[in-house]
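Working notes, structure below.
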Amino acid sequence: MKTSASFKNTVVEIICLLFILLFVYAAVSKLLEFQNFQAQLGQSPLISAYTGFISYIILIVEIVTALFLAIPKTRFIGLLSSFALMLMFTAYIIVILNYSSFVPCSCGGILEKLGWKEHLIFNITFTILAVIALLIISIKKSKTVLKLAIIAIIGSTVIVILYFSSEQTMHLENPFIRRFIQGATSKTAEAELNNNSKYFAGTDGRTIYFGDSEAPLHIIAYDTTLKAKSHYKIHLERENFPFASVQIRIAPPYFYLMDGTVPVIYKGNISDWKAKLLMYDNNYYFTKAEIIAPDKIAFRAQQLKTLYNILGTFTFNDSLQVQYAPQLLQKQIDGFFDTDGMMQFDRQTKKLIYTYYYRNQFIITDNNLSLIYRGNTIDTTTKAKLKVAHIKETGQRKIASLPTTVNQLTAVSNNLLFVNSKLIGRYEPKEMWKQASIVDVYDIEKNTYLSSIYIYDINKTKLKEMFVVDNNLYAIIGHKVHKYHLSEKHFKTNK
């Protein structure tokens, strides 16, 4: 009997010692690399939204549990706590592997070299060890089993609640925590553009067209594999205009040459690249324009009296019809700089998207500029951080200090909005911002944040422009265009 009791005590001592080593080592590892630990939790599909709170709770519980295990009088409580922790860690991994939309990087510390399945086996083993130790030291084993059953039910329920709650918060009420998914993008091709003045002009899904701000009449075209290259030159019906800001937009079978400073708009067919005048000799100046139909163009201009930015449409039927939508752009400071932004048209869904540069908001309209909704990017800059100076002598307005840019670039395709953000999120490694541009992806049909991707710098040159064709993102970086495949599992387009 004494031998049996001695053996059981030894088993309990060994199990408690293993748990103490595990929790102390894990806690110390997290403390030494706490920022990295929080960053890893921030990528978890279960607890992303509660990273700040949970990162401290885990540390405290691990340290307190280790102390309880080291003291004989509190060992039973320590083993119950150990069982609860290991069971919740096990449930966490089961949900990750079976129900999560993606599998994040595994945690560091003592289990750094283990994969998720190895983690699962490790956790199950330690959960069983906790049960063995508890049954050995308990006097009333039936009550202990009941306690373990209650802990198992509560622990599993907490993990499930955290999963659904965190997912909803991350997608709908994101607290500026980005989610980067391994394998979401992969670079598949690149091509030479010869200079850094090229920009995306349009696509028909098979051919990608590039304009050149330094040679406005010249068009470069690549197939979607970036292998076959063609060159075209636009021929204008009339050239004696004081061009200052020419932009080409291609919506096959048509192309458009526009300069809002003249103002003038040409239209032609890509079969012969001959451009005929569509609009000229009027006072409809504009600063941005997007083709939304063969005979309809959305534009941004300035109101004559207030000089505020305003959106509108040109419709070319028998005569030019101009319609304004003054309610769309909302003034915060001066109505001009604070409403500056980017305009994109999603041809698949017939939606116009206007994204502000200096605040966390985008506007979704139909092709008649009727408001569908106002959405927000995941950062917290709700009001533009601008200082505007008024020059009395000239009546001009100028930005008095460097503004905080929130959204730098946008692209849209099949209800997915891609936003190159300029603000670092919570729990993100600052080193990555020196190596890459961050692109946040939103589902504009559901008005939800999906995830973020890195577009790495090339020779210390950052992303200049991006566009998306089906499940491929093309990035202009320096004098090259790079093609990235977007995983259909993580970026399902709503066609």
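Below, each value reflects all heavy atoms present in this structure, side chains not excepted, and no hydrogens, waters or symmetry copies. As the structure is a prediction and not an experimental result, all values here were calculated from the model.
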*Any side-chain heavy atom of Y474 sitting closer than 4.5 Å to one from T224?*
yes

*Are I444 and V412 close enough that some pair of their side-chain heavy atoms sits under 4.5 Å apart?*
yes

Between [Y] and [X], is there a salt bridge with N-O shorter than 4.0 Å?
{"X": "D457", "Y": "K462", "result": "yes"}
{"X": "D440", "Y": "R178", "result": "yes"}
{"X": "D272", "Y": "K274", "result": "no"}
{"X": "E190", "Y": "K480", "result": "yes"}
{"X": "D295", "Y": "K267", "result": "no"}

*What residues form a side chain to side chain donor-acceptor pair (under 3.5 Å) with H235, not counting sequence neighbours?*
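For H235, no residue satisfies side chain to side chain donor-acceptor pair (under 3.5 Å) once neighbours in sequence are set aside.
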
*asked:* Is it true that, when you exclude Q323 itself, more than 12 heavy atoms of the residues, nucleotides or ligands shown sit nearer than 6.0 Å to its CD?
replied: no

*asked:* For F337 and Y308, I'd like to know if the aromatic rings sit close, meaning centre-to-centre distance below 6.0 Å.
replied: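 So the answer is no for these two rings.
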
*Decide side chain to side chain donor-acceptor pair (under 3.5 Å) for R359 and T381; before the verdict, give the C-alpha distance in whole Å, the side-chain angles of both, and the deciding distance to 0.1 Å.*
CA-CA 5 Å; R359 65 177 105 159; T381 308; over 6 Å; no

_Can you see whether T461 engages N459 through a side-chain donor-acceptor pair at a distance of less than 3.5 angstrom?_
no

*Is the closest side-chain donor-acceptor distance between N415 and D346 under 3.5 Å?*
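Absent: no donor and acceptor within the cut-off.
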
*How would you list, by chain and number, every residue that makes a ring pair (Phe, Tyr, Trp, His ring centres under 6.0 Å) with F210, sequence neighbours excluded?*
F467

*Using modelled atom types only, decide if a donor and an acceptor are shared between the side chain of D338 and the backbone of A384 within a distance under 3.5 Å.*
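Not a single qualifying donor-acceptor pair exists.
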
*Check whether any side-chain N or O of N123 sits under 3.5 Å from a backbone N or O of L87 as a donor-acceptor pair, and report yes or no.*
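Judged by distance alone, no pair lies under 3.5 Å.
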
*Option from L423, T377, N407, T355 for which side chain to side chain contact (heavy atoms under 4.5 Å, CB included) with N360 holds*: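 So the option named by the test is T377.
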
*What closest approach, in Å, do D340 and Y354 show between heavy atoms, and which atom pair accounts for it?*
C-OH, 3.4 Å

